[in-house]
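Heads up, the thing below is written out as structure tokens.
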There are 2 protein chains.
Amino acid sequence: MNRGMTAKGAATRGRIVEAAAQLIREHGAADTSLDDVRAASATSKSQLFHYFPEGRADLLVAVAEHEAAQVISAQMPWLDDLTTWESWQSWRGAVLRHYVELGDRCPLGVLTAELGKSSPQTRTVVSRLYDTWEAALARGAQAKGIDRPFEVARHILVTIQGGVVMLRATGRVAYLETGLDAALTPLAPGGSSPRL
Amino acid sequence: MNRGMTAKGAATRGRIVEAAAQLIREHGAADTSLDDVRAASATSKSQLFHYFPEGRADLLVAVAEHEAAQVISAQMPWLDDLTTWESWQSWRGAVLRHYVELGDRCPLGVLTAELGKSSPQTRTVVSRLYDTWEAALARGAQAKGIDRPFEVARHILVTIQGGVVMLRATGRVAYLETGLDAALTPLAPGGSSPRL
DNA sequence: CTCAGTTTGGACTATCCCCTCCAATCGTGG
DNA sequence: CCACGATTGGAGGGGATAGTCCAAACTGAG
């Protein structure tokens, strides 16, 4: 007896989420209609509401989860080896390249700027993303043996969010670039102790 | 002969912009309809389109300008006297109090997260706001006589944006708090030189 | 094969929303 | 007071959108 979703169903659901995520990255959540999603995913209305019974709200939560996973997986290759100044620098380069390439179409920008406030569930998704990310950065900062690793990690995270939303709003990458440089100075050789 | 707008007309236009700004702060631009604005400002449809001929797009630009002015004027009392560590600390306290009080209903969050990407005109408004703000912070950092005042100023601005959008998305104020502390360390007594 | 449960197509409704338009009123310079 | 432009009220069009519903097609476990 079939219980729940078959493989085909899961694939359809996946197509819907990915199409929605892409459209939202491109045009924003407000300018993405269910009909756009239906067309881009080659599905029908009944499928949308079959897999997302609460309709639009459900879909947005699924998109938020999908995008949060994207953000973390883009970070993964670096997060586990933030032990030396060189590895931090290499991570910095990767982050910059990543967001310069994505420009204003990045999953992170969507999450921080649009989806965070849209519902309690998406807010939870975004908060969890921040927690995971911050914890990984803090592990690296701790491994590096600097003072106040948690504050430094949090500050790096804040700088990334700021740089990315400012990139989204202005098209300028300088904010992210300068910000990351400054936020990483406590990790530089000889730069281990913020005063006070 | 009457040319352009009378005092009464200007007042009506002002009522419309303020009502729209308030609704957008509260519910977001996407969930604010022209009819909501009409009701909240006690005006009629024809008035909306009389004062904003391009309709919704025009109104959003006007709201962006209004909110940008709000952000700067909230900063004004402090921006001209960022010469000592104490004055920077007092500014920091004011910023924190301000955004904790506003929570997720702040003009800045709306600008950075929503309006920046909405049209080329609003993007210009937001960019100008950042430029003005950054320049004021840089003047203070220069007066304080630290190294790399422009980088430090920019980084402080990035930290504020990050802290505010994260406050918007999560409801947590810790990001802004910790971030500001860290971003201000180069201005602290004995903390004047970021390495490299 | 059988058949219950899953997946799918698509018509249909109800609502919302942006914007147009015309006529009425106001208020002000001359 | 007159005339003219600014201001206002509000009805209505045209179109998009979220969500409902039902019946057909498919799938896979037994």
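All chains are named by letter (A, B, ...) in the order of the sequence lines, taking the proteins before the strands, and each is independently numbered beginning at 1.
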- Under-4.0 Å salt bridge between A/Glu114 and B/Lys117: no

- Calculate the interatomic distance between B/Asp58 atom CG and C/dC18 atom P; express it in whole Å. 14 Å

- Query: What integer distance in Å separates A/Asp31:CG from D/dT17:P?
  - Reply: 9 Å

- Can you tell me the distance, in whole Å, between the CZ atom of B/Arg56 and the P atom of C/dC16? 16 Å

- Note on the structure: Out of D/dG19, D/dT8, C/dT7, minimum distance to the side chain of A/Lys8 belongs to C/dT7

- Note on the structure: For B/Cys106 and B/Leu102 the tightest heavy-atom approach is CB-CD1, 3.6 Å

Using a cut-off of under 3.5 Å, enumerate the N/O to N/O pairs linking the protein to nucleotides 9-12 of chain D.
residue, atom, partner, partner atom, Å
D/dG9, OP2, B/Gln47, OE1, 2.7
D/dG9, N7, B/Ser44, OG, 3.4
D/dG9, N7, B/Ser46, OG, 2.4
D/dG9, O6, B/Ser46, OG, 3.3
D/dG10, O6, B/Ser46, N, 3.2

- Task: Using atom OH of A/Tyr51 as one end and atom C1' of C/dG9 as the other, report the distance to the nearest whole Å.
- Result: 13 Å

- Looking only at side chains, do B/Asp36 and B/Ser33 share a donor and an acceptor under 3.5 Å apart? yes

- Query: On DNA chain C, nearest-nucleotide positions of B/Ala7 versus B/Asp36: which is more 5'?
  - Reply: B/Asp36

- Can you tell me how far CD1 of A/Ile156 sits from CH2 of A/Trp133, rounded to the nearest 0.5 angstrom? 11.0 Å

- Message: Would the distance check show the side chain of B/Ser73 and the main-chain N or O of B/Gln70 forming a donor-acceptor pair, the cut-off being under 3.5 Å?
- Response: yes

- Output the single nucleotide from C/dC18, D/dT7, D/dA18 whose closest atom is nearest the side chain of B/Met5. D/dT7

- Go through the structure and list residues passing salt bridge (Lys or Arg N to Asp or Glu O under 4.0 Å) with A/Asp131, not counting sequence neighbours. B/Arg172

- Query: Is the distance between the ring centroids of B/Trp88 and B/Trp91 less than 6.0 Å?
  - Reply: yes

- Whole-Å distance between C/dT7 P and A/Phe52 CZ? 12 Å

- Query: In whole Å, what is the span from the CG atom of A/Asp35 to the P atom of D/dA18?
  - Reply: 8 Å

- Grab the CD-P distance between A/Glu54 and D/dA18 for me, whole Å please. 15 Å

- Interatomic distance where NE2 belongs to B/His50 and P belongs to C/dA24 [whole Å]: 18 Å

